[in-house]
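Source: prediction; values computed, not measured. Throughout, a chain's letter reflects where its sequence line sits, starting with A, and its residues are numbered from 1.
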Amino acid sequence: MTDHLNPQQKKAVEITEGPLLIFAGAGSGKTTVIIHRIVRLLNQGVSPFNILAVTFTNKAAQEMRNRVKQLAGPEGESVWISTFHAFASRVLRYDYEKSFTIYDEKDQLVAIKQALKKMGHDPKKVKPAMVRELIQNAKNSLIDPESFCLNAAAHSDKLRMSMGEVYQEYQRILENNGGLDFGDLIVETVNLFKNRPEVLEKYRERFEYIMVDEYQDTNYAQYVLIKLLAPPHNNICVVGDDDQSIYSWRGANVRNILDFEKTFKCKNTLKLEQNYRSTQSILTAAHNVIQNNLSRKSKKLWTDNPSGEKVKWNEFMTSREEARGVVKEIQRLIGMGYRPGDIAIFYRVNAQSRPFEDLLRYSGYNYKIVGGLRFYERKEIKDILAYMRVLMNPGDDISFERIINTPARGIGAKSLLTIKEAAATEKKSLFDMVISGSDHFSNAIEKKIQPLRELLLRLNETYETDDAAALAKDVIELSGYHRMLELDEDLTARSRLENIEELVSAFSEEENKLSSIDDILSEISLLTELDNMEENQEYITLMTVHLAKGLEFPVVFLTGLEEELFPYYDALSDPAQMEEERRLCYVGMTRAEKLLYLTNASQRMMYGQSKWHLPSRFIRESLGNKGQDTVAGDLEYVYD
DNA sequence: CTGTCGTTTATTTTT
DNA sequence: TAAACGACAG
């Protein structure tokens, strides 16, 4: 069953005992290896209950689950395969706190604004988004508010000290609301393991075999989590590629993978260097680029694939011309028999998508932009979820504020303030305050909140008996949300209606997999794209290079390769950031199977001004050093 | 609550 | 440039 694996892959599958580090280059069959490891363990009689596999994205987890099930049968379904966050969420729900709400970035900002106000900051002077980043970074490094403050004090850093206070207040708000943000999920799980040895012991005993995918993307907190979990069995296998570490700005620490041998006393390190994806030309060009990074584990991908066509480089006058050139070439390729679904256009920043969109639409091609607003971030979805969260967790004032006047029931800022003040003095949640009412409420307020009170009581009853899908339906109907959208003349109302219907069906799909409504609610908020990028042959794909990681396309256009755009402006003076830009470029190039196009525009509008840009250094680098293999990696310069 | 006007600010965004 | 946000009027 492992016959088709190459020798290195076979080894990677067979070394099941002890720590194992696998450097898996782009397109080297990394996922296949992890899946075969799991299947092999199962075949050897290891119980699926004793295996844990952790990934970063839902998509990766999903794919892994499906393929394991395919190869190992129903037993494979019992293997615990999930994202870091879903893993943490379930552990917490099981061993710590049954009902908490997971706060996404928007919820975080609401709480941060509250915290800033409370600590006497002007939200205009101190940007909430910046504070969020600060807090998130701290959490990624397991720095709690107290240590944060102490550290700032030690450096007599006034600003950091006051930010530490905001961090502290933010945590207080979250706690009062029964909310955990993404970072907290990991932090609290680590704390749980540290404070309750018997709980840690239970999981340590259980997970005889642990696998971590995309290990180069782990942050410090996630590293500690894994480090805690690994003993006593220490059968910990991590897979990753330091050359594809492109999320350091999100806390990912590439040292985790580079130091794995030391930190886990790992004696087995393997490199998967045979690439099955790209032509030799593409690989050589990509290698020529990544080779310029100094801090990397030395490796070189090779392939049995034919050398294929040369990588092409086109230079254009403007971004408009660039788009015209790309679409013209797409036209030619489709004429040759390529499907739109074979083709992807990558760019460094989202703002670059515009000219491509315009021209593709004008030329009558179907395209889809990946990224942008995610499903669960949509207002209507958040509204419905807020109702459900409040029912699950009545202390969640942040969700309650969302729904108190949605749909409109005349409870404006003033009424809200009255209710909030009453809740504060009586030390009640907003939910309880509305249910119980108060003598201090004016008749007007009482009259307004009466229907809301009845609605909540009614929903609370159904909450006990409904499954998640039924509850969502009840919320949508009873709250008047459905009617509100139906009456809405706005063009977007129709699609918002469809979205909430999709939410209901997503709930019923989840129903089979997860038991309680609380589980489902939490897992839903961890889902990124419910409209999981259906693999449709009819659409040309447009996305940022970051989003392209893990994907592959027969034809790739890597656009906007200009100094100050790609590599991005900020990276020019910072060697570490420059290396990350280079890795990003490498990721983009190695997505291509057959054809790779590099393009740049010498003139581009940025911040409202047309600016001249030199071609990116990465273009030059892709040619490699003089005298070396000038055929395969050679760029074909196409004059326009 | 909704619309309008000025002000601000400009990566990347797995969860 | 333009989109997004907040303030304020109606």
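In this structure, A/Arg93 forms a cation-pi arrangement with A/Phe100, its terminal cationic atom sitting closer than 6.0 Å to the ring centre and no more than 45° off the ring axis.
For A/Thr55, no side-chain nitrogen or oxygen approaches OP1 or OP2 of B/dT14 to under 4.0 Å. Between A/Arg354 and C/dA3 there is a side-chain polar atom (N or O) within less than 4.0 angstrom of OP1 or OP2. The phosphate of B/dT15 (OP1 or OP2) has no side-chain N or O of A/Lys139 nearer than 4.0 angstrom. A sub-4.0 Å separation between OP1 or OP2 of B/dT12 and a side-chain N or O of A/Asn350 is present. Phosphate contact (OP1/OP2 of C/dT1, side-chain N/O of A/Lys611, threshold under 4.0 Å): absent.
Closest heavy-atom contact between A/Ser353 and A/Ile369: OG-CD1, 4.2 Å.
Taking atom P in both C/dC5 and B/dT12, the straight-line distance is 15 Å, to the nearest Å.
Take the nearest nucleotide of DNA chain B for A/Glu377 and for A/Lys127: the residue whose nucleotide is more 5' is A/Lys127.
Nearest to the side-chain atoms of A/Met605 among the listed nucleotides B/dT15, C/dT1, C/dA3 stands C/dT1.
Between the side chains of A/Lys113 and A/Gln108, no donor N or O sits under 3.5 Å from an acceptor N or O. Side-chain contact of A/Tyr223 with A/Arg255: a donor-acceptor pair under 3.5 Å is absent, judged by distance alone.
Between the side-chain ring of A/Tyr568 and the base of B/dT12, no stacking contact exists by the 5.5 Å and 30° definition. Under the stacking definition used here (centres under 5.5 Å, planes under 30°), the residue A/Phe56 fails to qualify as stacked on the base of B/dT15.
The base of B/dT15 sits with one of its N or O atoms less than 3.5 Å from a complementary donor or acceptor on the side chain of A/Arg250.
Among the heavy atoms of the strands lying under 4.0 Å from A/Glu105 is at least one base atom, whether or not backbone atoms are also near.
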